[in-house]
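Below: one structure, written as structure tokens.
Being a predicted model, the structure only gives us computed values, none of them experimental. Counting begins at 1 with the first residue of the sequence. Start at 1 and go down the list; that is how both ligands and their atoms are numbered.
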Amino acid sequence: MAIVERLEASPGQRGRLALANPATLAPLGEVELATSHDVSAAVERARKAQPEWGALSVSERGHYLERALRTLVQRADDFVSTLVSETGKPATEAIATEILTSCDALQFYAKRAKHALADRKLPLHLMKTKRLYLVYRPLGVVGIITPWNFPFLLALNPSAQALMAGNTVVLKPSEATPLSGQLVEELFQSAGLPEGVFNLVQGDGEVGAALTKAAVDKIAFTGSVETGRCVAEQCARRLLPCSLELGGKDPMIVCADADLERAARGAVYGAFANAGQVCTSTERVYVVDEVAEPFLEKVLRETTALRQGAEGEFEVGSLIRAEQLAVIEDHVQDAVARGARVMAGGRRNPDCEGIFYEPTVLVDVNHEMKVMREETFGPLLPVMVVRDEDEALRLANDSRYGLNASVWTRSRHRGLELARSIDSGCAVVNDCMITYGVTESPFGGVKESGLGRVNGEAGLQGFSQLQSILVDRFGGRSEFLWYPYTARKLRFLKRALRTVWGGALGRLLS
Ligand code: NAD
């Protein structure tokens, strides 16, 4: 079953993508694919527009984002409707996780970039005759490559940050969700961005690869570890900076003193929101033996109460891509073959027409199974009972991923302590995903979950070139350290070394 079908180019015509709604299978039209020539042309347009855009003040650039924000609020219903038909997610999820979050991001960057990107004056602890300035300059043209799970937010958010930092942008959204990419373009057009400042190229991996080879100054990539590695290799050849926001296998640790009602509801939301297609999904649970039974009972009660569908009120929508079904089915089959038991779900939903997989709870799982080691990116919740918190922590860290993690305990101190011990870029105590604070907080992974950070002030600075400028304060004919090198100068330097760093003076100065 193809939700997006690639129609090959014919003489004089570009290739196209034929799209269908993954929840209803209704056709959604076609989108033209860019060629590698289109990618170069988009980068050239961006290059031409950059000097003028970069010369605007940060506040002036912020006005464009504020205009985009106003349009987004006015047209929220239209945007939600496109997102729902392209992804099969519930409208509540589309508005909460794509539109509200995008509004927050636009407002935050419009307002805060001025502070984040302001020149800094740094005092020099030794050379008082100099003054040091740190200056954030635009990188130039940023290529942004994005996935399909939050196709609007994940395309808009890095674009807004790159633009605020004075760059021009070429965005390549996922081939699975090109209409959401078009919404981002429409939004920036409605904000009146000057020609060439924001550019959209549609296409699959070939077009993405062409963008990584084009004359851009940074690639901001969000997607899978496998593609991220290709992008990083391509960038490394040209010493091109790149940020990689990749997959996760986020652990959840349920301690003996956890509020089990909240933890169970959090596990169910964390695993099944967006049909589990969230990079920070709860992908594996470790619950201590002492409370495993009541926790599981609550998890099952919450899971079986979930409604799945495409119309009216429901909590869990369809999958976005047909290909994801194969991964989910493989993980369940592998787990069952190795001794896991399915406590809920465990199959495609026979009552729904589109690509739906039932919210699934697995027990008796272990780290031999794919479901505990590889990213599923679907509605699976494997629950493993562990002896104690130490075992939970050891297993949580037994992963090649390190994006997000959650810890559930009534002790804030213990929660923070455990969170700090998990090898992940982000962690949450008594909540399931790092939803709140994701605008302000630098976001990204460790281990194979990625490189670099987006979001927050650090994200804006990541789309900039940090330039250090040292200014001499007093002038004079020459500097002591300049030529000539005399025996007297050498003696003086040796004496200075002993005087300053041989005693307490050096510590005092620094
Ligand atoms: P993907 O890696 O298949 O594709 C991501 C993007 O890369 C798409 O636009 C695709 O067309 C493009 N692409 C494919 N091959 C390319 C190549 N050789 N060069 C350049 N671009 C290429 O990922 P996906 O299936 O779209 O997204 C799901 C993955 O994204 C999951 O692993 C998920 O965890 C991850 N993700 C991470 C975050 C995060 O912030 N860490 C957020 C959302 C999704």
Side-chain angles (χ1 to χ4, degrees), residues 3-4 6 17 31 33-34 36 39 87 97-98 101 143-158 161 170-178 180-181 184 200-214 216 219-235 237 240 242-250 273-283 319-324 326-328 374-378 400-404 424-426 433-435 438-439 441-455 459:
I3 292 305
V4 176
R6 193 189 156 121
L17 295 170
V31 168
L33 291 166
S36 55
V39 173
T87 63
T97 60
E98 302 246 37
T101 41
I144 297 179
I145 302 174
T146 55
W148 43 264
N149 60 328
F150 292 105
F152 182 69
L153 172 71
L154 293 180
L156 179 80
N157 188 35
Q161 293 173 48
V170 179
L171 168 71
K172 197 222 66 81
S174 170
E175 63 276 29
T177 50
S180 304
V184 177
L200 179 72
V201 287
Q202 295 282 17
D204 54 16
E206 270 176 40
V207 179
L211 185 54
T212 63
K213 290 176 193 149
V216 293
I219 292 285
F221 174 82
T222 310
S224 64
V225 173
E226 291 64 33
T227 313
R229 215 185 293 279
C230 295
V231 169
E233 281 169 8
Q234 188 57 45
C235 290
R237 257 181 237 134
L240 199 64
C242 65
S243 62
L244 304 173
E245 297 296 323
L246 309 179
K249 187 77 199 167
D250 296 354
N274 214 40
Q277 304 159 116
V278 186
C279 56
T280 54
S281 266
T282 302
E283 287 243 345
L319 298 172
I320 299 171
R321 286 164 81 237
E323 293 84 339
Q324 211 55 32
V327 178
I328 298 165
E374 293 173 18
E375 185 183 42
T376 309
F377 220 55
R400 65 186 175 113
Y401 296 102
L403 191 58
N404 190 47
S424 60
C426 321
M433 292 186 256
I434 182 144
T435 326
V438 86
T439 307
S441 163
F443 177 78
V446 299
K447 299 199 268 189
E448 293 190 25
S449 287
L451 276 182
R453 293 291 180 268
V454 288
N455 299 0

> For Asn274 and Asn149, does a side-chain donor sit closer than 3.5 Å to a side-chain acceptor?
Replying inline: no
>> Between Glu175 and Arg6, does any NZ, NE, NH1 or NH2 come within less than 4.0 Å of an OD or OE carboxylate oxygen?
In response: no
>> I'd like to know if Glu375 and Lys249 make a salt bridge, using a cut-off of under 4.0 Å between side-chain N and carboxylate O.
In response: no
> Ser243 versus Phe221: any side-chain heavy-atom pair under 4.5 Å?
Replying inline: no
>> When you compare the side chain of Pro173 with that of Gln202, does any pair of heavy atoms fall below 4.5 Å?
In response: yes
> For ligand 1, what are the residues with a heavy-atom contact below 4.0 Å?
Replying inline: Ile145, Thr146, Pro147, Trp148, Asn149, Leu154, Lys172, Pro173, Ser174, Glu175, Asp204, Gly205, Gly208, Ala209, Phe221, Thr222, Gly223, Ser224, Thr227, Val231, Glu245, Leu246, Gly247, Cys279, Glu375, Phe377, Leu403, Phe443
>> Under 3.5 Å, is there a donor on one side chain and an acceptor on the other for Ser180 and Thr177?
In response: no
